[in-house]
Structures are given as structure tokens and as C-alpha cells.
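The analysis underlying the following values was restricted to heavy atoms, covering all of them including side chains, and did not include hydrogens, waters or symmetry mates. Convention: sequence-line order gives letters A, B, ...; per-chain numbering from 1.
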4 protein chains.
Amino acid sequence: MPPTPPVPERRPHTGRRRNEAARQAILAAARRLLAAGGGEPVTVDSLAREAGIGKQTIYRWWPSKGAVLLEALTSTARDQVSTPDTGALESDLAAFLCDLFQAGTAPDNAAMLGTLLAEAARDPQVADLLRDFTRTRRGDLRTIVERARERGETAAGTDVDLLVDQAFGVYWFRFLSGHAPLTPEVARTLARTLALGAR
Amino acid sequence: MPPTPPVPERRPHTGRRRNEAARQAILAAARRLLAAGGGEPVTVDSLAREAGIGKQTIYRWWPSKGAVLLEALTSTARDQVSTPDTGALESDLAAFLCDLFQAGTAPDNAAMLGTLLAEAARDPQVADLLRDFTRTRRGDLRTIVERARERGETAAGTDVDLLVDQAFGVYWFRFLSGHAPLTPEVARTLARTLALGAR
Amino acid sequence: MPPTPPVPERRPHTGRRRNEAARQAILAAARRLLAAGGGEPVTVDSLAREAGIGKQTIYRWWPSKGAVLLEALTSTARDQVSTPDTGALESDLAAFLCDLFQAGTAPDNAAMLGTLLAEAARDPQVADLLRDFTRTRRGDLRTIVERARERGETAAGTDVDLLVDQAFGVYWFRFLSGHAPLTPEVARTLARTLALGAR
Amino acid sequence: MPPTPPVPERRPHTGRRRNEAARQAILAAARRLLAAGGGEPVTVDSLAREAGIGKQTIYRWWPSKGAVLLEALTSTARDQVSTPDTGALESDLAAFLCDLFQAGTAPDNAAMLGTLLAEAARDPQVADLLRDFTRTRRGDLRTIVERARERGETAAGTDVDLLVDQAFGVYWFRFLSGHAPLTPEVARTLARTLALGAR
DNA sequence: ATCTAACCGAGACGGTACGTCCGGTCTTCAT
DNA sequence: ATGAAGACCGGACGTACCGTCTCGGTTAGAT
């Protein structure tokens, strides 16, 4: 079953200059297919068909299929997680992790991440892009912890990177394995544990 | 007393039996290819050739290539990590994590896991098997924490699952992303942090 | 659709001595499958299943699959064609050819020959056997012509082999190509032409 | 006169066009492999490798391997046999049959036909194509006989189709069975016999 | 107003791996 | 020893997908 019927709004050829509409059509199609669930792999042909464009148009602007999928993912994920500043480490962490868990468990995003990881594991280019993506996210969390350190909320020897990786580690491990939920309750417990451990 | 045996006349399997040597040859070949590094994907043909068997023999006993790879991995990993019992949570954790990190960063296993994850991400059956595998490993770590609880080393409200997932989370996250090392030093720091948080 | 349900009559294992019943079961199964039409290829497995025997039993008594098929065919064809002796070449030929054409156009035999030729064309052993078979049939026809020669019905320089091959050639060519019928009428016309040419 | 062309707006085929060079490379490779002798079966992979093309390109344009082989054969055979016009039936037949026998026994063509027949016998589509091919060849021979009839060289009741099939029948029967040669001498004898029988 | 070069949808191309099918051999247990 | 069952090796099959190339057509900007 096709995930969604091809959107019939005809994009005009622009010629000469890059057609932004085509670019957006590709990203939108990628999001639809990634989110479609069912685990059907997103092939380049299916992506081109869903977007109503030619395969070459994909390869003209992205180095590989995975790069498209990653951009489709990050362009939506970017603004779903904030870096709150409540003045206390635990509540900052709780807010950040609640957002993270919620975004990661939304069916669409979950499907996207899963599909994307499949690509990353075999396509080194995508793995690099994925690493870049997680670097950015780790940076967000680091910012929160650094602010707490400046407020004197953390002990001297605290390994900030390790703390950050404990948080993301729980998230990725449970997301990938699916053996335990990623509820707001868990987020709060984790925030408390981490804040406690940092003191 | 009824004359028929209680077992409802199981058909007494005629025909040639499964060749255990072939099974072991396949698993051994899978281990060699997974560990070969270079990131070359393990194809079914290469696996059959390396093992000196026919492709059909693979598909007769495993549902997919990934299932073979996973079994090859788990059958070796099982006995590379111990569940130490030093009498104190922190040192138990440190010992366990040192082993875990070491096994996970040994070039062979690292290559195996990476290759395997690629299969898992696209083959749901392999993903299930991988989940089973991690469940077993989590059980080992849980055992350590439970023992500490019986010794009264953990606070009442400690979320054991969360503690376990923090440990494995750091491992998997760094293993997959490769943004930070998995040294014994990190293992000891993580053990201290987790033991502290559990109190 | 299976050609025919496996015949349920259980043959007993005899042990020690060759089981003629198994041999006949194999030939009968071969005939059923060859005649089944539909063009489904007769595989060794399907043959064993249809006959209710093991594959090894086939290879114990025949060198290859094709040899079984050929024997299945010849053992039926042998007694469907006679070598009449009416005292005149033309009527002998007509009788022989009528029989030949009739046997060759019976739906079962037609399917058998077609399937068999497929095997012969790729399996040299079968090709040899098929050659032997046609040699026998050519011999039958030669006998008829030789008798006519003894009666003085043929000219001195008549190439008997060529005459025989013209008869069988028409048969095989039309049988294989199917572009024209093999009716008794054609058989009689051909007999007249050949008898005329021999004079 | 209507402004629109009479052709009812055929879809104007977009996309890259069929590569005639690839087509010719495939046919040439098929001819080489068919003629290679040794009886090695022509596999699709070997065909693709020999032609330097992908397997899919074969399956895109031919329904099966056999169809390729047949086209490879017919495209060469077409112009190896002529329809002579010497003014007399017997000499016309002799010339035609000499050509036919010579072409059919040339090692290259013989190997081709043999290999091809194996395909034809199991692939109905190829069988159809083969039938078309023989129809064309029969047409050539018919032409010769028709010309003789116009010259009054044949008796009234002559069955032209049967005469033609006698000629081709000898050819195919001996070619397939290989029990007797297809020499020019045989061709001339057959021509004399047939011409005689037609009078 | 014309030309031209980059863009577009479509889809054929070379190539690699897949999972299935089959032939002929080998092994197990029962008769 | 023979037979039924069926696992085994080897190897061809036809399909799916990737990333590239080529086709006719479109259009922005240079001439």
C-alpha cells in the first residue's frame, strides 16, 4: 500500500536555478516514508516516486540516500527539543529529558530514527552525519550542565561528558532495544539521579 | 493403564540429520568475516563460500543472514563477561564494566557488533534476537545490583532498571557513536557515579 | 496443482532384494507427471514425491533423471506401434505411419515427448538414450522397407535410410513444431509418396 | 484537414532510450557463447559478463534467456540460406538443401541450434519464437516448390506442405539424432527423390 | 528575440546481493 | 542390502536496489 497518494500539486520547472520546491518535495516524501512504519525500507526509487521527482535530482543535491533521510529527520527534530534554563540542574535536566523522550517516542520520529539507523550502520557517510547530529544534541545538554557548574551545583571532579552520555545512553538504549518505556516519569527519575550524582 | 505412551506418537524423524559440523562451520565463518574488519559487508555468498557449504544450508536453519551473524556474536560474547562478586557494589560494577568495555572495544567484537547492527536495523527478526541478547546481558548486571540491595547498599527507591540502562546506555552510545572512548578509567568513574547514585 | 494425488497404496519395504514395485511406481509416476501437461518441469523431487519413494532409489537404478523419463516413455510406446506385413510397401507404410502418428498425437505422449526433448537437449546421457530409442524405431521401419526390397518393390539405388528418415522426419518435425496435423490422411499420403519414390 | 495528427496522442516516452549498443553486445555475446561449443550451458550470468552488461538489461528486453539465444541465432541464420531459382525443381531443391545442410552442420550453428533447442523445449515462449523461425524457413522452400508448380513441374495432387516437411524433417531428424550425416550428397539424393515424387 | 546552460522527470544502464530452486550425493533409521 | 526421508554442496535463476548516465523538455539569464 503506498503510504500516501502522490501529492498532485504540480511543481513548475524553474530551469537554470535550483528548484526549492523539488527539494522540499523530496524532504517531505522522505518524512512520509520514514514515518510510514511497517519497516519497509526506504529505497531511492520509492523516494523519487513518492516525491514525484527523478532520482538524479536527489543525487544532485545530496551525496547519498542516507543524507536525505538524516536531513529529513534533523530538520524536524531540531525544534522539538529546547534547552531550558530554570535555574536548577535537576529541573533543567527533567525538562530537557521530558522533551527528548517525548520527541523520540512519537511514532513518526521513532520510525524515522529506526530506519535511519539502518542506513547509518551500513553507510559510513550517514554514520558521520548521524554523529554530527548527536554531537549537536550532546552540546545542548552540555550547555545545561555547564550552566549548573557555573552556579556551583556540581562537584569539582564531575565528568560532564560521562553525565551527558548517561542521559543520552538511556535514551538510545531504550529506544533501540525497546525493553523499557521512555515516560516523563522515567525522565524525572533520571534527572534526579544525574543531578544527585553530579553533586 | 493405557497401552499407548503419553507422548502423542511424535513422528520419528526419518532422513538425514542436521549436520552439526556444517552448523559450526557456518558460525565460525561468520565470526571470521565479521571480525575481518574493513567494513566489507558479509554477504550470504561469501559466508557460504568461507564456510564451504551451500547457501541453502544457511537458509534451512536460520531465517536470515542477520540471524546467523547474531548467533555467531552471542555464542562468543556469552563467556567474555563475568558477573563478579567482590562484596561491594562499586567494585562489582567496576569489574563488570571493565570487562564489558574491553570486550566491546576489542577490534573483533567491535567490527562484529557494527556489522550486526546494520542487519538488525533492517531485519526485524534480527532486531528481536538482538533484544533477547541484550536482555540476557542486562540480567547479568541486574544480578550484581540485586546482590548489593540485599546487602543494603542501595537506597529504597532506587530504580534498578534505570541504573542498569545507564551503564549499558553509556556503553552502547559511545560504541555506536564513537565520540568518546571506553577506557577502564571511564568504567571506574561510571561505576563510582552509579554506586553513589544508588545510595 | 499436483498432477495426481499420491497413490496411497503402501508398498512394503522388501529389503535386501530390489523392489520391483518401487521401480514400477517410479515409472508410473514419471508417466503421470510427463502427461500432466501444463509444461511444469518434472523435477527429481516431484518425481520421488509422486512415486512415494526416496530420491536415492531413483539414482540407484537409473543414471539420471532423463533416463527415467525416457524409459517411462519407451516402455509405453514400444507396444503402441506395430510392424505390419500386408505384402505391399505402400500399405505397410500406411499402417506403420498411422500407428506412429496416432501414438504421437495422443495428448499424453505428446506432452511426454516434449518434456523429454527438453531433457535430451541438455543432458547428453538422455540424448544418447533417445538416439538409441529412435534407432530401434528406425529399425522397425527399415524392416518394412527391406521386406519390400526383397519383394522387388524398390528401385536399385534407393537410399533406404533416407526413405526412413523422411518418414520419421515428417513425424518429428510436425510433432515438434505443431504447424500441421498428423492425421491418418497425411499418413496415407506420405506412404504413397514414399512408396512411389522408392520405385 | 484536422489540425491534430491522426495518431491518438501516444505518450511521448520520456526517460533514457534503449541502448542499441547494449542490445547488439548481448546478441554478439550470445552468438559467441552458443558457438563456443564444449556444450557448456549458456547461463544468464555468463551472458551478461561476456557482453559486459547487467543481467537486468537482458530481462528488460527479452522474456527469458532462450529468447535472446533464439534471436541471436535467427539474426545470423536469416541470410545464410538462399532461395535459388535455376529454372528446374530438382536443382533448386538441391541448391537449397545443400545450403541448409551446410549451415546446419557448421560447428557454430550446430552448437547454437542444440543449445537453443534445450531452451525451447522448456520455455514455451521460446518454442513459439522457434516456430516462427521455422515458419519463415518453410516459406522459403514453399516458394521454390510453388515456382515449379507454375512451371508445370509438379503433379496436380501434390501436397506441397508435406513435401516441404519431408525436406526439413530429414534435416531436423538427422540434426537432432545425429545418426546419419547431412552431406551435400544426401542433399542431392533427397532433392532428386522429392522432385521425382512431386511429378 | 534568440541562444545557451543548468535544471527537471523519466527511466535505462552496469553491477552486487538476495533468497529460491533444482540436480545429484550422502546419511540416518527402519524393514 | 534395500528403501523412504531428507540434509548436504554447488550453482543458475529472476528480482531488488544502488548510484550513474542519457533522453527530451523547460526556463532563467546572457547575448
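Each of F/dT22, F/dA4, E/dG24 was ranked by its minimum atom distance to the side chain of C/K55; first place goes to E/dG24. For C/I53, the listed nucleotide lying nearest its side chain is F/dA4; candidates were F/dC17, E/dC18, F/dA4. Comparing E/dC13, E/dT27, E/dA17 against the side chain of B/R16 picks out E/dT27 as the nearest. Ranking E/dC18, F/dA28, E/dC21 by closeness to the B/Q56 side chain, first place goes to E/dC21. Nearest nucleotide to the A/R60 side chain, out of E/dC8, E/dC13, E/dG9: E/dC8. Distances were taken from every side-chain heavy atom of C/V44 (C-beta onward) to each of F/dG14, E/dG24, F/dA16; the shortest belongs to E/dG24. Closest approach to the C/A22 side chain among E/dC22, E/dC8, F/dG3 is made by F/dG3 (side chain taken as heavy atoms from C-beta onward).
Following rounding to the nearest Å, A/R49 (CZ) and F/dC17 (C1') show an atom-to-atom distance of 12 Å. In this structure, CG of B/L47 is placed 17 Å from P of F/dG11, rounded to the nearest angstrom. Between the P atom of F/dT15 and the NZ atom of D/K65 lies a distance of 14 Å, rounded to the nearest Å. With rounding to whole Å, A/I26 atom CD1 is found 13 Å from E/dC7 atom P. Rounded to whole Å, atom P of F/dA28 lies 16 Å from atom CD of A/E20. When the P atom of F/dT2 is taken as reference, atom CD1 of C/I58 falls 17 Å away, rounded to whole Å. As rounded to whole Å, 14 Å separates atom C1' of F/dC8 from atom OH of C/Y59. For D/R17 and E/dG11, the CZ to C1' distance is 10 Å, given to the nearest whole Å.
Taking side-chain N and O atoms only, B/W61 has a distance below 4.0 Å to OP1 or OP2 of F/dC8. Applying the 4.0 Å criterion to OP1 and OP2 of E/dA12, one finds that D/T57 has every side-chain N and O outside that range.
B/W61 has its side chain out of reach of B/I26: every pair of non-hydrogen atoms, C-beta onward, lies at least 4.5 Å apart. Here the side chains of A/L70 and A/W62 are not in contact, with every heavy-atom distance at 4.5 Å or above.
Of all non-hydrogen atoms in B/A48 and B/G54, the two that sit nearest each other are CB-C, 4.3 Å. Across all their heavy atoms, A/V42 and A/K65 have their closest contact at O-NZ, 3.0 Å. Closest heavy-atom contact between A/L47 and A/V68: CD2-CG1, 4.1 Å.
Where A/D45 and D/G15 each meet DNA chain F at their nearest nucleotide, the meeting point lying more 5' is that of A/D45. Along DNA chain F, the nucleotide nearest to D/V42 and the one nearest to B/A48 differ in position, and the one closer to the 5' end is contacted by B/A48. The nearest heavy atom of DNA chain E to C/T43 and to A/N19 marks one nucleotide each, and the one closer to the 5' end goes with A/N19.
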